[in-house]
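Everything below concerns the one structure shown next.
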There are 4 protein chains.
Amino acid sequence: MNEISLKPLKTPTQERSWATYHAILEATTHILIEQGYKTLTTNHVADRAGVSIASLYQYFPNKESLVATLHTNHAKQTRNTINEILKKAKNSSTATMIDLFVDAMVKAHSDNPELHRVFQEEIPRLLKTAILKEGNDQFLETIALITQNTDLPSISAKDLAWTIRIMTHSIIHQGIIDRKDDLLSGKINRELKMMLHKLLL
Amino acid sequence: MNEISLKPLKTPTQERSWATYHAILEATTHILIEQGYKTLTTNHVADRAGVSIASLYQYFPNKESLVATLHTNHAKQTRNTINEILKKAKNSSTATMIDLFVDAMVKAHSDNPELHRVFQEEIPRLLKTAILKEGNDQFLETIALITQNTDLPSISAKDLAWTIRIMTHSIIHQGIIDRKDDLLSGKINRELKMMLHKLLL
Amino acid sequence: MNEISLKPLKTPTQERSWATYHAILEATTHILIEQGYKTLTTNHVADRAGVSIASLYQYFPNKESLVATLHTNHAKQTRNTINEILKKAKNSSTATMIDLFVDAMVKAHSDNPELHRVFQEEIPRLLKTAILKEGNDQFLETIALITQNTDLPSISAKDLAWTIRIMTHSIIHQGIIDRKDDLLSGKINRELKMMLHKLLL
Amino acid sequence: MNEISLKPLKTPTQERSWATYHAILEATTHILIEQGYKTLTTNHVADRAGVSIASLYQYFPNKESLVATLHTNHAKQTRNTINEILKKAKNSSTATMIDLFVDAMVKAHSDNPELHRVFQEEIPRLLKTAILKEGNDQFLETIALITQNTDLPSISAKDLAWTIRIMTHSIIHQGIIDRKDDLLSGKINRELKMMLHKLLL
DNA sequence: CATGAATGAGTTTTCATTCAT
DNA sequence: TATGAATGAAAACTCATTCAT
């Protein structure tokens with residue numbers, strides 16, 4: 001039903017192109033953060049990027065691909081941040097792994113929380129799934145490392161990992177909205193660690 | 001900035017108009033569930049309801065009010081379901097209260113899970129806030145009953161209640177999407193209870 | 001091209017009807033004065049009159065007839081006021097006749113100046129012509145009484161009367177808009193008399 | 001209450017767009033003259049101009065701005081015509097100045113009398129005020145040059161200038177409607193001069 | 001007489017996308 | 001490569017008027 005390609009048309013090779021390409025993505029980011037998805041129009045983006053609308057369509061096949069590109073980049077970066085931190089945790093105790101995991105999650109979401117909020121709240125679901133599915137499995141494996149020693153009755157390891165992911169994600173995301181100060185000050189960070197310790201140890 | 005009234009224009013008095021009013025809301029529901037918010041247009045709704053577009057605007061001042069009405073009704077019903085169940089819990093043990101709370105939450109979201117999913121995932125945030133704020137405080141007080149005997153270090157009663165709410169909500173909501181069968185079979189229900197027991201007792 | 005009848009459908013005979021009929025016209029007047037012709041809709045009028053839209057259409061065949069009726073009434077009343085005053089002037093000197101004429105004109109327009117302004121400025125031309133033509137000739141004859149002794153070179157009596165009418169009308173009408181205080185205080189009245197004396201005597 | 005911008009969105013730079021821009025304004029003019037403001041719809045204009053409705057909205061932010069642009073242009077042109085003629089009058093006698101003034105006024109309004117008539121009679125007042133206010137003061141100063149030597153009792157110079165303006169304007173405007181031939185033949189022109197001589201000398 | 005419900009036929013406006021240069 | 005002009009297709013919304021009761 002929705003066979004529109006979300007991939008950028010071409011990755012720019014020349015220098016001038018790169019500038020244009022990034023100006024477009026940056027304009028998209030700014031509009032998303034400042035005015036939300038509702039007001040994101042391709043003409044608006046091109047205007048703000050200082051390029052013509054036709055140039056925009058040289059790099060992006062359609063409006064959705066703009067947001068998808070941004071979202072993919074964002075997800076990749078988030079994943080990298082988390083993986084990097086967790087690499088160090090491979091041989092640590094579960095308690096340490098929990099702490100590192102929470103730190104990684106909060107750090108990853110603290111980067112550009114406004115943009116995160118937009119993706120979480122405003123971007124239509126269909127745009128997200130493809131990208132999210134990809135990193136999901138790997139992510140759940142990472143969490144499984146943490147929960148491998150936990151023995152909770154009547155919940156499989158897989159479901160537990162799922163639950164941890166949802167819990168952590170939702171508390172951080174909603175924290176961005178409801179308790180931004182607590183998130184930045186590290187309070188939510190501490191609360192999360194404490195709760196996971198109680199739950200998993 | 002967003003001074004648009006979301007309330008229905010007039011509540012129908014005659015029988016004939018009652019039918020129209022509900023046909024419109026039902027059409028809205030169907031389109032939301034089957035095709036999502038993106039394709040929800042007033043003309044589409046009127047068509048599906050079998051009434052003229054002008055009739056739609058006799059009862060609803062704008063497109064948003066359609067969704068807002070649906071959302072308000074849904075939220076009210078959810079709240080009623082929860083309050084009714086919790087009324088019985090007033091003098092129970094914390095353990096029982098947790099179980100009843102989870103039952104209430106899951107039951108409330110099992111009613112029309114597809115519609116719930118749409119509200120959760122597709123409806124732009126601005127449409128929601130107004131309605132949700134209302135029932136929020138009362139809801140947090142209810143949760144406070146449960147957590148009153150819990151002694152978790154470094155988390156205030158208020159923040160704990162907030163966390164419980166977010167956790168429970170998000171697991172149920174995301175469960176509708178990722179683990180629908182587990183939700184309907186009661187599996188998620190049991191997992192939630194178990195986790196809250198471990199966390200709060 | 002525009003064969004719509006502007007006449008009221010039926011003049012009400014019963015008492016209750018009269019009340020409805022007048023409520024409708026009064027509502028029309030209020031809306032015209034307070035919000036202008038742009039916002040005058042039949043539904044709005046019916047609402048404000050406290051009657052159903054269908055009742056409105058029992059007395060008036062269409063929207064235009066509402067305004068036309070009001071305009072006709074207003075014009076008749078204006079004409080009556082003027083004629084009454086001028087009746088006394090039949091055998092006076094020209095100077096006295098000028099003064100009485102100006103007094104009559106100003107008085108006629110002072111009655112409901114806001115409504116006058118709306119008719120002058122906002123009502124589409126097509127609605128006016130029919131009514132105005134009628135009273136026009138009689139009015140010009142009256143003016144001719146004043147100018148009969150004037151001897152201005154190169155202007156016929158008829159054209160002079162036309163000029164006097166336009167002049168007087170426009171100064172009063174624009175006075176309502178630009179110099180309302182001067183109109184009500186009698187200043188414009190005095191100026192007009194003075195000018196006509198200089199012109200015609 | 002009326003914060004709608006009336007200014008054109010962009011002034012065309014390329015040749016092609018210049019043509020479009022003018023086609024739109026010309027279509028507007030034609031419709032106003034032939035069918036009046038009531039039937040002036042943006043779709044109608046776009047159709048007649050032979051461009052798409054979307055193109056219209058590239059140059060004009062809303063329907064009102066179409067008329068406002070036309071009116072502004074017209075007013076500017078009128079003002080230019082008058083100022084040019086009056087420049088020559090600076091050091092003339094009052095009698096000559098009156099004659100030149102009347103000539104200028106009539107000439108300015110003879111240009112496109114049909115359009116003038118539409119502006120005068122059909123365009124809702126709110127659209128006009130902004131534009132007219134601008135040139136008004138300068139215009140009254142010009143008239144003051146003429147009336148400076150006049151000694152009429154009980155009327156200030158300022159009010160006299162106002163009166164002259166209203167009188168002249170209204171006679172010409174109404175002349176377009178009631179006595180078009182007399183206007184074009186110069187008859188009204190002569191009458192006006194004669195009257196102003198009698199009044200001001 | 002009176003009514004509230006219902007609507008046909010428009011109206012203004014938007015926007016992702018394509019085209020000519 | 002880059003652009004500004006142009007547009008098709010549809011969106012939200014309005015209102016004078018008719019109809020069933």
Side-chain angles (χ1 to χ4, degrees), chain A residues 4 10 12-14 16-17 20 39-47 50-66, chain B residues 4 10 12-21 39-46 50-64 66, chain C residues 4 10 12-14 16-17 20 39-47 50-66, chain D residues 4 10 12-21 39-46 50-64 66:
Chain A
I4 299 169
K10 56 178 161 190
T13 50
Q14 293 186 9
R16 187 165 47 144
S17 304
T20 302
T39 69
L40 186 83
T41 72
T42 49
N43 287 288
H44 195 169
V45 168
D47 260 19
V51 303
S52 85
I53 178 65
S55 286
L56 187 154
Y57 277 90
Q58 291 239 322
Y59 295 103
F60 301 92
N62 48 52
K63 182 188 170 182
E64 279 72 32
S65 71
L66 280 175
Chain B
I4 299 169
K10 61 175 166 190
T13 54
Q14 293 188 10
E15 212 178 316
R16 186 166 47 137
S17 73
W18 211 83
T20 301
Y21 181 84
T39 68
L40 185 84
T41 74
T42 51
N43 289 291
H44 197 167
V45 169
V51 303
S52 83
I53 179 66
S55 285
L56 186 154
Y57 278 93
Q58 286 232 331
Y59 297 101
F60 301 92
N62 47 52
K63 181 187 167 181
E64 280 72 31
L66 280 175
Chain C
I4 299 170
K10 56 178 161 190
T13 51
Q14 294 188 9
R16 188 165 47 143
S17 302
T20 301
T39 69
L40 185 84
T41 72
T42 50
N43 287 289
H44 195 170
V45 169
D47 260 18
V51 304
S52 84
I53 179 66
S55 286
L56 187 153
Y57 277 90
Q58 291 241 321
Y59 296 102
F60 300 91
N62 49 51
K63 181 187 169 182
E64 279 71 33
S65 71
L66 280 174
Chain D
I4 299 169
K10 61 174 166 191
T13 52
Q14 293 188 10
E15 212 179 316
R16 185 167 48 139
S17 72
W18 213 82
T20 301
Y21 182 84
T39 68
L40 184 82
T41 73
T42 50
N43 287 292
H44 198 164
V45 169
V51 302
S52 83
I53 180 64
S55 284
L56 187 154
Y57 278 92
Q58 286 232 332
Y59 296 101
F60 301 92
N62 47 52
K63 182 186 166 181
E64 280 72 31
L66 280 175

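Here is the naming used below: chain letters follow the sequence lines, and residue numbers restart at 1 for every chain.
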*Atom CZ of D/Phe60 and atom P of E/dT11: how far apart are they, to the nearest Å?*
20 Å
*Find the distance C/Asp47:CG to F/dC15:P and express it as a whole number of Å.*
13 Å
*Locate the shortest heavy-atom distance separating B/Leu56 from B/Ala46; write the atom from each residue and the value.*
CD1-N, 4.0 Å
*asked:* For a stem of at least 3 consecutive Watson-Crick or G-U pairs with distances under 3.5 Å, i pairing with j, i+1 with j-1 and so on, which stems involve DNA chain F?
replied: E:2-21 with F:2-21
*Atom CG of B/Leu66 and atom P of F/dA11: how far apart are they, to the nearest Å?*
14 Å
*State which residues pass side chain to side chain contact (heavy atoms under 4.5 Å, CB included) with A/Asp47; sequence neighbours excluded, sorted by chain then number.*
none
_Exercise: identify the closest heavy-atom pair between A/Thr42 and A/Lys63_ = CG2-CB, 3.9 Å
*To the nearest angstrom, how far is D/Glu64 atom CD from E/dT12 atom P?*
9 Å
*Rounded to the nearest 0.5 Å, how far does OG1 of C/Thr41 lie from CG of C/Leu66?*
10.5 Å
_Selected nucleotide, minimal atom distance to B/Lys63 side chain, candidates F/dA12, F/dA16, E/dT17_ = F/dA12
Would you list the protein and nucleotides 7-10 of chain E atom pairs, both N or O, that sit under 3.5 Å from each other?
unit_1: E/dT7; atom_1: OP2; unit_2: B/Ser52; atom_2: N; d: 3.1
unit_1: E/dT7; atom_1: OP2; unit_2: B/Ser55; atom_2: OG; d: 2.8

*Does B/Thr42 make a side-chain N or O approach to OP1 or OP2 of F/dA12 shorter than 4.0 Å?*
yes
*How long is the line joining NE2 of A/His44 and C1' of E/dT14, in whole Å?*
14 Å
*Look at the aromatic rings of B/Tyr21 and B/Tyr59 and report parallel, tilted or perpendicular, splitting at 30° and 60°.*
perpendicular
*According to a strict under-4.0 Å criterion, is D/Tyr57 in side-chain N/O contact with OP1 or OP2 of F/dA6?*
no
*Hey, what do you get for OG (A/Ser52) to CD (A/Gln58), rounding to the nearest 0.5 Å?*
8.0 Å
_So, OP1 or OP2 of E/dC1: does either fall under 4.0 Å of a side-chain N or O from C/Tyr59?_
no
